[in-house]
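Just below is one structure, and these are the notes that go with it.
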Amino acid sequence: MGILKAMPATVRLQWGLWILLLLLLFFTLLPEDGIMQSGAYALLNTAFYALVVYGNISFLYPRLFLKNRKLLYVILALVGLLAVGVFRTYSMMWLYNTFFNMKPDPAPVTTQIIVRNLSGLLTIFLLSFILRIFIAYFVLKRKAEEMQQQHTQTELELLKSQVQPHFLFNTLNNIYYEAFREAPHTASLIERLSEIMRYFVDESPKDKVNLSTEINFLENYIALEKIRIRHEIGLTFIKDIDDDHCIPPMLLMTFVENIFKHGIDKTSTQNQIAITLLCRNNHLIFNTRNELPGHPVTAGQRGSGIDNLRKRLVLLYGDKFELKIDRSDNHFNASLTVPL
């Protein structure tokens with residue numbers, strides 16, 4: 001039971017259908033052929049039916065029909081059905097003549113038998129499209145449930161992050177004014193921290209935020225990260241954008257966060273970072289480039305942020321985005337292109 005629960009719903013559905021078909025064939029043949037012969041015929045027929053079904057929905061249909069190669073699809077489907085029909089006929093006759101035929105002369109294979117087997121396989125081939133529709137339905141249903149669960153989890157995390165936000169902001173403001181008199185630079189950093197936290201509370205729950213708001217968030221994050229690094233960083237941030245555009249919040253954060261997690265050598269004075277944000281042909285193009293440190297940092301966590309970003313992009317844009325990661329001996333380049 002544990003194994004069945006661990007299976008996806010689509011897999012359980014298919015196993016259930018094949019077991020049901022196997023039992024149906026077995027009990028249909030049982031009155032005339034006996035237990036052993038009925039069981040053998042049922043297993044063999046089910047195997048050939050599965051070959052036809054999955055040969056169509058897993059190979060021919062997605063690789064040919066969906067790619068607009070319909071004529072080749074029809075030709076290969078007919079050839080495949082003919083080959084499987086002939087092989088099934090000879091297999092069934094061999095099984096019968098070897099184990100169950102009590103007569104001295106084996107029963108011959110006739111054209112009529114082959115045609116009858118082909119007609120049955122053709123019916124199964126047509127029914128495979130119904131199975132594919134059921135599988136596609138359950139896959140879409142599962143994705144919808146995952147998106148709903150992810151949305152619920154995001155809302156819960158947001159509620160946790162919003163515990164007494166106004167009290168926190170007021171406290172930060174008081175600290176800012178106290179620090180401004182003694183250490184203006186420290187006060188500036190406190191102000192940036194306050195803006196970041198306000199972004200999390202006010203902007204991140206939204207479906208989209210203004211591009212200038214997102215840039216301000218990135219600049220505040222960069223400023224706070226730089227105070228943890230001993231030496232000055234060579235950082236260029238080129239922006240050629242239209243502030244009227246909007247994007248989903250936190251969409252650009254992963255690249256910048258990865259730079260400071262994995263791409264900074266705190267002992268080096270030669271850290272160079274280049275960030276470019278462009279609007280071209282109604283698309284947003286975001287590029288980052290950084291030198292790789294001599295000694296990898298937190299290698300165990302590398303890649304999880306990019307993987308999570310890719311999953312989010314698929315949910316937001318389907319296949320209408322481009323995410324490129326390029327790692328050379330000395331540099332790490334990341335590029336993201338999304339429609340505006």
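Along the sequence shown, the residues carry numbers beginning at 1.
- Looking at heavy atoms from C-beta onward, Phe100 lies in side-chain contact with Leu95 at the 4.5 angstrom threshold.
- Leu315 and Met253 fall into different hydrophobic clusters, where Ile, Leu, Val, Met, Phe, Trp and Tyr side chains are chained together by heavy-atom contacts under 4.5 Å.
- Using a 4.5 Å cut-off on side-chain heavy atoms (C-beta onward), Leu316 and Val338 make no contact.
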Step by step, would you call Asn308 with Thr254 a side chain to side chain contact (heavy atoms under 4.5 Å, CB included)? CA-CA 9 Å; Asn308 291 335; Thr254 300; over 6 Å; no
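- Both Val84 and Phe59 are members of a single hydrophobic cluster when ILVMFWY side chains are connected at heavy-atom separations under 4.5 Å.
- A continuous path of hydrophobic side-chain contacts links Tyr90 to Met93 [ILVMFWY only; heavy atoms under 4.5 Å].
- In Asp207, the CG atom is not crowded: 12 or fewer heavy atoms of neighbouring residues, nucleotides or ligands sit closer than 6.0 Å.
- Across all non-hydrogen atoms, the minimal contact from Trp94 to Thr98 is O-OG1, 2.7 Å.
- Here Lys208 contributes atom NZ and Ile247 contributes atom CD1; the two are 9.5 Å apart, rounded to the nearest 0.5 Å.
- Interatomic distance, OH of Tyr49 versus CZ of Arg88, reported as 4.0 Å (0.5 Å rounding).
- Other residues, nucleotides and ligands contribute only 12 or fewer heavy atoms inside 6.0 Å of the NZ atom of Lys320.
- A donor-acceptor pair is defined here as one N or O able to donate and one able to accept, closer than 3.5 Å; such a pair exists between the side chain of Asn220 and the backbone of Asn216.
- The nearest pair of heavy atoms linking Leu193 to Leu224 is CA-CD1, 3.9 Å.
- Side-chain contact between Ile222 and Ile233 is absent, with no heavy atoms from C-beta onward closer than 4.5 Å.
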In sequence, state the C-alpha distance, the side-chain angles, and the governing distance for Asn68 and Lys70, and then conclude on side chain to side chain contact (heavy atoms under 4.5 Å, CB included). CA-CA 5 Å; Asn68 207 28; Lys70 296 181 175 61; 2.8 Å; yes
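- Taking CZ from Phe255 and CD1 from Ile273, the interatomic distance works out to 14.5 Å, rounded to the nearest 0.5 Å.
- Met92 places a side-chain heavy atom less than 4.5 Å from the side chain of Asn45.
- In terms of heavy atoms, Arg69 sits closest to Arg63 at NH1-O, 4.2 Å.
- Closest of all the heavy-atom pairs between Leu340 and Cys246 is CD2-O, 4.3 Å.
- Here the side chains of Phe237 and Leu277 are in contact, with some heavy-atom distance below 4.5 Å.
- Residues Phe99 and Leu29 share a single hydrophobic cluster, defined by chaining ILVMFWY side chains whose heavy atoms lie under 4.5 Å apart.
- Looking at every heavy atom in both residues, Ser335 comes nearest to Asn287 through OG-OD1, 2.7 Å.
- For the atom pair CG of Leu24 and CZ of Phe26, the computed distance is 12.0 Å after rounding to the nearest 0.5 Å.
- Two different hydrophobic clusters hold Leu22 and Leu51 under the rule that ILVMFWY side chains link at heavy-atom gaps under 4.5 Å.
- Going from atom CG of Leu76 over to atom CG of Asn56 covers 11.5 Å, rounded to the nearest 0.5 Å.
- Crowding of Phe87 atom CZ: a count of heavy atoms from other residues, nucleotides or ligands under 6.0 Å not exceeding 12.
- Although no hydrogens or angles enter the test, the distance criterion places no donor-acceptor pair under 3.5 Å between the side chain of Arg132 and the main chain of Ser58.
- Side-chain atoms of Asn281 never come within 3.5 Å of backbone atoms of His283 as a donor-acceptor pair (strictly under, hydrogens ignored).
- Atom CZ of Phe134 has 12 or fewer heavy atoms from other residues, nucleotides or ligands within 6.0 Å.
- Enclosure of atom NZ in Lys67 is not indicated, since only 12 or fewer non-hydrogen atoms of other residues, nucleotides or ligands lie within 6.0 angstrom.
- Taking a 6.0 Å sphere around CG of Leu140, one finds it holds more than 12 heavy atoms contributed by other residues, nucleotides or ligands.
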Would Phe48 and Ser91 count as a side chain to side chain contact (heavy atoms under 4.5 Å, CB included) if you check the C-alpha gap in whole Å, the side-chain angles of each, and the deciding distance to 0.1 Å? CA-CA 10 Å; Phe48 279 111; Ser91 298; 3.8 Å; yes
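- The CD1 atom of Ile275 sits 7.5 Å away from atom CG of Leu218, with the distance rounded to the nearest 0.5 Å.
- When only modelled atom types and interatomic distance are considered, Tyr199 and Glu214 share a side-chain donor-acceptor pair under 3.5 Å.
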Mind running side chain to side chain contact (heavy atoms under 4.5 Å, CB included) on Leu131 and Leu127 for me, showing each step along the way? CA-CA 7 Å; Leu131 177 62; Leu127 290 175; over 6 Å; no
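- Under the 4.5 Å side-chain criterion, counting only non-hydrogen atoms from C-beta, Leu251 is in contact with Leu309.
- The two residues Tyr317 and Pro248 make their nearest non-hydrogen contact at OH-CD, 3.2 Å.
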